[in-house]
Amino acid sequence: MISDVFFDLDHTLWDFEKNSALAMKKVFDLHGITVCCDTFLEHYVPINFEYWERFRKDEITQQQLRYERLKDTFDKISHDISDDTIGMISEDYIKYLPTFNHLFDGAKELLDYLSPKYRLHIITNGFHQVQNTKLTNAGIFTYFRTITNSETVGRKKPHPVIFEYALKAANASKETSLMIGDCIDADVRGALDYGMKAILFCNGGAGYPGIQQINHLSELKSVL
């Protein structure tokens, strides 16, 4: 029996890539960046992923993440740009990112379906203010009893401390809790290693043998 369902936010409910692209294009327009934003994003997306992996492993700081992912991308496309301008782009990107509110297809309908049956929660490696603003602007903040973020806890998924913190805040037990997320290591293996159940949201990507997974959020209705 499941009583509490924990969701990751970015790439699971909140469509990070779509919202990120819209925010970056807005910031490029604001600062008169002449590079084609689509070309920039082709290189930025994998670079950003690598930097988040390093941040998750505590290899870099938040400040390094926000600055160096941009610097590396501009270097990759051989675009000369000052450090001051990169700093302003970094700040404005964070400012405007939560103002775009696209959710994955079926997210709102799924939350409507689950909320009368289960207690819903968020566990995210994102930053407190940004993540809360995303949830509020997307109109889904009120679905969740608790919101646990790595910035507050001081540990990132898949560290067991963040799962322990989230379950304690939710007054939930690991035996009756389920984690749903897009990252096989941070969300799924992290939760499984802690003793929770977990489901991987593949969103059409590659699956993993032996791991329960879905490709569309609506598939959870047949599981829960």
Closest heavy-atom pair and its distance - Asp185, Arg56: CB-NH2, 4.2 Å
Would Phe28 and Asp92 satisfy side chain to side chain contact (heavy atoms under 4.5 Å, CB included), going step by step from the backbone distance to the final call? CA-CA 10 Å; Phe28 271 34; Asp92 283 342; over 6 Å; no
Can you see which heavy atom on Ile140 is nearest to which on Leu103, and at what distance? CG2-CD1, 3.8 Å
Among Lys168, Arg119, His121, which residue satisfies the side-chain hydrogen bond (donor to acceptor under 3.5 Å, both in side chains) criterion with Thr146? His121
Using only heavy-atom distances, determine whether the side chains of Ser82 and Thr85 contain a donor-acceptor pair under 3.5 Å. yes
Audit row: Phe40, Phe74, ring pair (Phe, Tyr, Trp, His ring centres under 6.0 Å) steps and yes/no: CA-CA 7 Å; Phe40 178 89; Phe74 281 116; 4.8 Å; yes
Is a donor on one side and an acceptor on the other found under 3.5 Å between the side chain of Glu219 and the backbone of Asn215? yes
Just how far is it from atom SG of Cys183 to atom CG of Leu200, taken to the nearest 0.5 Å? 8.5 Å
Looking at Arg189 and Asp193, is there a salt bridge between them, counting it only when a charged N and a carboxylate O are closer than 4.0 Å? no
Verify the cluster assignment for Tyr96 and Met24: are they in a single hydrophobic cluster under the rule of side-chain heavy atoms below 4.5 Å apart? yes
Can Met179 be reached from Leu9 by stepping across I, L, V, M, F, W or Y side chains whose heavy atoms are under 4.5 Å apart? no
Would you kindly confirm whether Leu22 and Leu70 end up in one hydrophobic cluster when ILVMFWY residues are joined by side chain heavy atoms under 4.5 Å apart? no
Determine whether a donor-acceptor pair (N or O, by modelled atom type, separation under 3.5 Å) exists between the side chain of Glu164 and the backbone of Ile162. no
Donor-acceptor pair, distance only, cut-off 3.5 Å: does the side chain of Glu91 make one with the backbone of Met88? no
Apply the test side chain to side chain donor-acceptor pair (under 3.5 Å) to residues Ser173 and Thr176: give CA-CA distance (whole Å), side-chain angles for both, the deciding distance (0.1 Å), then the verdict. CA-CA 6 Å; Ser173 70; Thr176 59; 2.8 Å; yes
For the residue pair Asn101 and Asn19, establish whether any side-chain heavy-atom pair is separated by less than 4.5 Å. no
For the side chain of Lys174 and the backbone of Tyr194, is there at least one donor-acceptor N/O pair under 3.5 Å apart? yes
Side chains of Tyr51 and Asp72: donor-acceptor distance under 3.5 Å anywhere? yes
Mind checking whether Ile81 and Ile33 have side chains closer than 4.5 Å, heavy atoms only? yes
Treating Ile, Leu, Val, Met, Phe, Trp and Tyr as nodes and any side-chain heavy-atom pair under 4.5 angstrom as an edge, say whether Ile77 and Ile89 lie in one connected cluster. yes
Remaining members of hydrophobic cluster (4.5 Å side-chain criterion), Val45: none
Transitively linked via ILVMFWY side-chain contacts under 4.5 Å: Leu217 with Phe144? yes
About how many Å separate CD of Glu68 and OG1 of Thr61, when rounded to the nearest 0.5 Å? 7.5 Å
Which heavy atom of Phe6 sits nearest a heavy atom of Ala170, and at what distance? CZ-CB, 3.9 Å
For Leu114 and Leu120 the tightest heavy-atom approach is CB-CD2, 4.0 Å
With a sphere of 6.0 Å drawn around CZ of Arg155, does it hold more than 12 non-hydrogen atoms of other residues, nucleotides or ligands? no
In the structure I gave you, are the side-chain heavy atoms of Trp14 and His102 within less than 4.5 Å of one another anywhere? no
Starting from the C-alpha separation in whole Å, work towards a yes-or-no answer on side chain to side chain contact (heavy atoms under 4.5 Å, CB included) for Leu97 and Phe16. CA-CA 9 Å; Leu97 180 61; Phe16 180 88; 4.1 Å; yes
Hey, are the side chains of Ser3 and Tyr118 touching, using non-hydrogen atoms and a 4.5 Å cut-off? no
Point-to-point distance, once rounded to the nearest 0.5 Å, from CD1 of Ile60 to CZ of Arg66: 11.5 Å
Answer yes or no: is there a side-chain heavy-atom contact under 4.5 Å between Thr34 and His79? yes
Nearest heavy-atom pair of Met196 and Leu167: which atoms, and what distance? SD-CD1, 3.8 Å
Looking at CG of Asn125 and CD of Gln131, how far apart are the two atoms once the value is rounded to the nearest 0.5 Å? 9.0 Å
Quick check: do Tyr113 and Ser218 have side-chain heavy atoms less than 4.5 Å from each other? no
Within the 4.5 Å heavy-atom criterion, are Tyr165 and Asn149 side-chain neighbours or not? no
Between atom CD of Glu59 and atom CD of Gln64, what is the distance when rounded to the nearest 0.5 Å? 10.5 Å
Check the pair His11, Asn203 against side chain to side chain donor-acceptor pair (under 3.5 Å), reporting the backbone distance first and the verdict last. CA-CA 9 Å; His11 306 283; Asn203 191 30; over 6 Å; no
If you measure from the Lys or Arg side-chain nitrogens to the Asp or Glu carboxylate oxygens, is any gap between Lys71 and Asp83 under 4.0 Å? no
Side-chain contact test, heavy atoms from C-beta onward, threshold under 4.5 Å: evaluate it for Lys25 versus Asp38 and give yes or no. yes
Do Tyr93 and Phe100 have ring centroids that are under 6.0 Å from one another? no
Is there a side chain to side chain contact (heavy atoms under 4.5 Å, CB included) between Ile199 and Ile211 once you walk through the steps? CA-CA 7 Å; Ile199 296 176; Ile211 298 293; over 6 Å; no
Minimal non-hydrogen separation, Glu151 against His128, with atom names: OE1-N, 2.7 Å
Should Phe201 and Phe104 be marked as a ring pair (Phe, Tyr, Trp, His ring centres under 6.0 Å) after you check the CA-CA gap, both sets of side-chain angles, and the distance that decides it? CA-CA 11 Å; Phe201 175 48; Phe104 279 107; 5.4 Å; yes
Rounded to the nearest 0.5 Å, what's the gap from NZ on Lys108 to CG on Leu13? Could you check? 12.0 Å
What class does the angle between the rings of Phe127 and Phe55 fall in, given that below 30° is parallel, 30 to 60° is tilted and above 60° is perpendicular? perpendicular
Would Lys197 and Ile2 satisfy side chain to side chain contact (heavy atoms under 4.5 Å, CB included), going step by step from the backbone distance to the final call? CA-CA 9 Å; Lys197 299 174 182 65; Ile2 299 297; 3.6 Å; yes
With Asp8, which residues qualify under side-chain hydrogen bond (donor to acceptor under 3.5 Å, both in side chains), at least two apart? Thr12, Lys157
